[in-house]
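Okay, structure first, notes after.
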There are 2 protein chains.
Amino acid sequence: MPKATIDDVAELAGVSIKTVSRVFNREPNVRESTRDKVQRAISELNYQPNKAAQNLAGHRSRLIVLIYDDPSAYEIPSAGFIIRMQEGALRACRTANYELLIHPCRYRIKDVAKEMKALIEQVRPDGIVLAAPLSNVRKIVTAIEETDTPLVRVSPGKTNGKLFSVATNDREVCAEMTRFLASLGHKKIAFIMGHPEHKAVGNRFLGYKDGLEQSGLSFSEDLVASGDNSILSGEACAATLLKRKDRPTAIFAANDDMAAGVIRVADRLNIEVPGQLSVAGCDDIALAQQIYPALTTINQPLAAMADQAVMLLIDSARKSRTTQETAVVPATLKVRESTGPAPKD
Amino acid sequence: MPKATIDDVAELAGVSIKTVSRVFNREPNVRESTRDKVQRAISELNYQPNKAAQNLAGHRSRLIVLIYDDPSAYEIPSAGFIIRMQEGALRACRTANYELLIHPCRYRIKDVAKEMKALIEQVRPDGIVLAAPLSNVRKIVTAIEETDTPLVRVSPGKTNGKLFSVATNDREVCAEMTRFLASLGHKKIAFIMGHPEHKAVGNRFLGYKDGLEQSGLSFSEDLVASGDNSILSGEACAATLLKRKDRPTAIFAANDDMAAGVIRVADRLNIEVPGQLSVAGCDDIALAQQIYPALTTINQPLAAMADQAVMLLIDSARKSRTTQETAVVPATLKVRESTGPAPKD
DNA sequence: GGCCGACTAGACAGCGCTGTCATAAACAGG
DNA sequence: CCTGTTTATGACAGCGCTGTCTAGTCGGCC
């Protein structure tokens, strides 16, 4: 059986194709009885509109493209990141009856801009979700903007600029984590900063400081170390911090890998976690649950962010693009086993 | 600047739109000089053909849909599975200038068949890659076949049926693993079977038997245990196998999780791995490298399989659909630390 | 020189929809 | 009952391409 077209439906229902189109697209000004007739014809023929035709005639594709960094998506540790994003984006697409195209992108190659434009002009998506870290690569953002396609950038850290974007309350939640540690009685809470290139880094550090202040603790340079986001660097930082005679009773690392490094070092130095040392991380990667003790960390609501991003895109298509805004999806503390009351001395 | 259309190019080049189309699609019978003229016009205007129009007029969408099981894709342990598939599929799509649509699918809901058909008739993909375990769900396969869209099923285990599919040489490589263990001097090689629902299970067991035979070892029921693919069941099986006085010196589990369970039990029983017991798994999931000792296992070439699948799809579109075939992408042994020479007693 | 085939190029319909506009029907109000 | 307005429907163009068919051009060969 050849697939039914709008003409078939129109004929069967005894109306014009335009009326069928109206019914299918829930347009107003169709009499109830006509609507019924058409509905029956539609379901009888099992009619499904051809997207290509809709797209061509209607200038909208019901397609969202999710663009993310290519090689990093396939490295096991970050696979979770992109899967979560996809999960959220797909959820929003599904409810709005959109489809999702995924497009990994190597931003280091010269022709990214050209590649992006080609992609966009070919498929004409109704919107684009640009995942971190690409969300801060200027030439990509610019290329997309030049095509006039609605764009939402998703990034756990704050995105600079005034475009649509969705972010988390990184700073606030890091303050919350710090307060949480303080509330357990910790007075000497150390912080391990991450790779300075990461956008998120600054905010997390600021959040840490906020948290100290809010808890009535004073900030000390001596309790801050700088890593590069790797487990190894976490170990190095921990070694430094823990060797001090007046050592911290809690260490808050700007990401989970470094926190894992801290736990390793504590184990080596025979410092009990969480008995003698509380450790907290950030990101809630898979590893966080797999290590012992399971890591207290901050859950990144990646799926929710992507979901939000797609919804923004779809809404902005309906209404005219409103004021430029950035949505914030709150991250939450995941308290597990690596934190506990401060040791009494 | 409004996007250039084929008419713009034709006008600039001083030819008909059909000629532009010919040049762009590398059709024959265009004079070299004309081709050049058109090429120049194309690059000057930065022309990108509108896919929707191509699709509508040409009855081909240059779109591949990857369909996979929904909830399971988002569970962390299996995220790697689907990411790998995507990786391969994307690779093939990229080189052939196709785009990839991803479509998770909950196969337990009633209307899957209808949903699949709606998806297909709407987007009219040129081909569909159906990932395991969906590749063996009859109602989905049937629904897709009824739409006459080229379908390739990807499944680590063998797929039954006579459709296009790509699989691995599960049985052969399991035989290889068994021979490998035998070559290390092991005489008592036990096997832990997985969940009987899994298609792959039977083949792996057969491969194990093949391997024994090829190594001149005899098969014994006593050396076979049955788990359900979980770590816990692996522990249970290991406990049984290792409590026997005449205990095996090597255990080959049908998946990595169960192998991990074996290692846990060995640790608990103070049996050294690989000193006193060699352990091998299958699948090479992320966990395999994270546990200690790192697990010797069998690498599933998921990316390569998906790549292959998409290539099959694209080729079958070019030539007429040839004879139904199943491509086999070989899996390979990943020898790591959990296996070693049999203990001398 | 005339005819045939191989190349090359263009005219044109039409893929299956949606947008626009015209028209018809229904409904007010005076 | 007629005009003015709203509501319901249809006619038709056209989105930007590709497929088909036709027409012209060129050389080769008898």
Side-chain angles (χ1 to χ4, degrees), chain A residues 2-39 41-42 45-63 97 118 120-126 317-318, chain B residues 2-39 41-42 45-63 97 118 120-126 317-318:
Chain A
K3 330 195 171 184
T5 72
I6 199 171
D7 298 88
D8 302 331
V9 179
E11 192 177 345
L12 180 60
V15 298
S16 75
I17 59 168
K18 182 62 214 186
T19 301
V20 177
S21 168
R22 277 199 265 268
V23 172
F24 213 95
N25 296 298
R26 295 183 174 66
E27 284 172 35
N29 299 339
V30 179
R31 204 179 303 150
E32 197 58 39
S33 61
T34 322
R35 195 178 294 275
D36 282 358
K37 255 192 318 192
V38 175
Q39 284 292 10
I42 286 176
L45 294 177
N46 229 296
Y47 169 67
Q48 290 298 143
N50 180 325
K51 284 219 182 207
Q54 286 185 309
N55 185 357
L56 191 56
H59 311 287
R60 91 183 187 304
S61 56
R62 291 195 165 275
L63 212 59
N97 196 27
I120 294 170
E121 294 197 3
Q122 284 185 28
V123 309
R124 319 251 159 149
D126 287 351
R318 246 169 239 158
Chain B
K3 330 198 167 179
T5 73
I6 198 170
D7 298 86
D8 302 332
V9 179
E11 192 178 344
L12 181 61
V15 298
S16 75
I17 59 168
K18 181 63 215 187
T19 301
V20 177
S21 168
R22 282 203 190 68
V23 172
F24 212 96
N25 296 299
R26 294 185 174 67
E27 284 172 34
N29 299 339
V30 180
R31 205 179 303 149
E32 197 59 39
S33 61
T34 321
R35 195 178 294 274
D36 281 359
K37 255 193 317 194
V38 175
Q39 284 291 11
I42 287 176
L45 294 177
N46 229 296
Y47 169 67
Q48 290 298 143
N50 180 324
K51 283 218 182 206
Q54 287 184 311
N55 185 356
L56 190 57
H59 311 288
R60 88 184 190 305
S61 56
R62 290 194 166 276
L63 212 57
N97 196 27
I120 295 169
E121 294 197 2
Q122 284 185 27
V123 309
R124 319 252 158 145
D126 287 352
R318 245 169 239 156

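Nothing here was measured: the structure is a model prediction, and the numbers come from that model. Below, read A as the first sequence line, B as the second, and so on, with proteins coming before strands; counting in each chain starts at 1.
With rounding to the nearest 0.5 Å, the separation of CD in Q122(A) from NZ in K51(B) is 5.0 Å. In this structure, the separation between CG on N50(B) and CZ on R124(A) is 4.0 Å, given to the nearest 0.5 Å.
Atom CG of N29(B) is separated from atom P of dT25(D) by 17 Å (rounded to the nearest Å). Straight-line distance from the CG atom of L45(B) to the P atom of dG16(D): 14 Å, rounded to whole Å. A straight line from CG of N55(B) to P of dC15(D) spans 18 Å, rounded to a whole angstrom.
Looking at every heavy atom in both residues, R62(A) comes nearest to N97(A) through NH1-O, 3.7 Å. Closest heavy-atom contact between K3(B) and D8(B): O-OD2, 4.2 Å. Nearest approach of I120(A) to P125(A), heavy atoms of both residues: O-CD, 3.5 Å.
Side-chain atoms of T19(A) and S16(A), non-hydrogen and from C-beta on, do get closer than 4.5 Å to each other.
Contact annotation: S16(B) side-chain N/O to dA11(C) OP1/OP2 distance is not under 4.0 Å.
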At under 4.0 Å between heavy atoms, which parts of nucleotides 17-25 of chain C does protein reach? Answer with one letter per nucleotide, 5' to 3': B base, S sugar-phosphate only, - none.
BBBB-----
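Map T34(B) and L56(B) each onto its nearest nucleotide of DNA chain C; the residue landing nearer the 5' end is T34(B).
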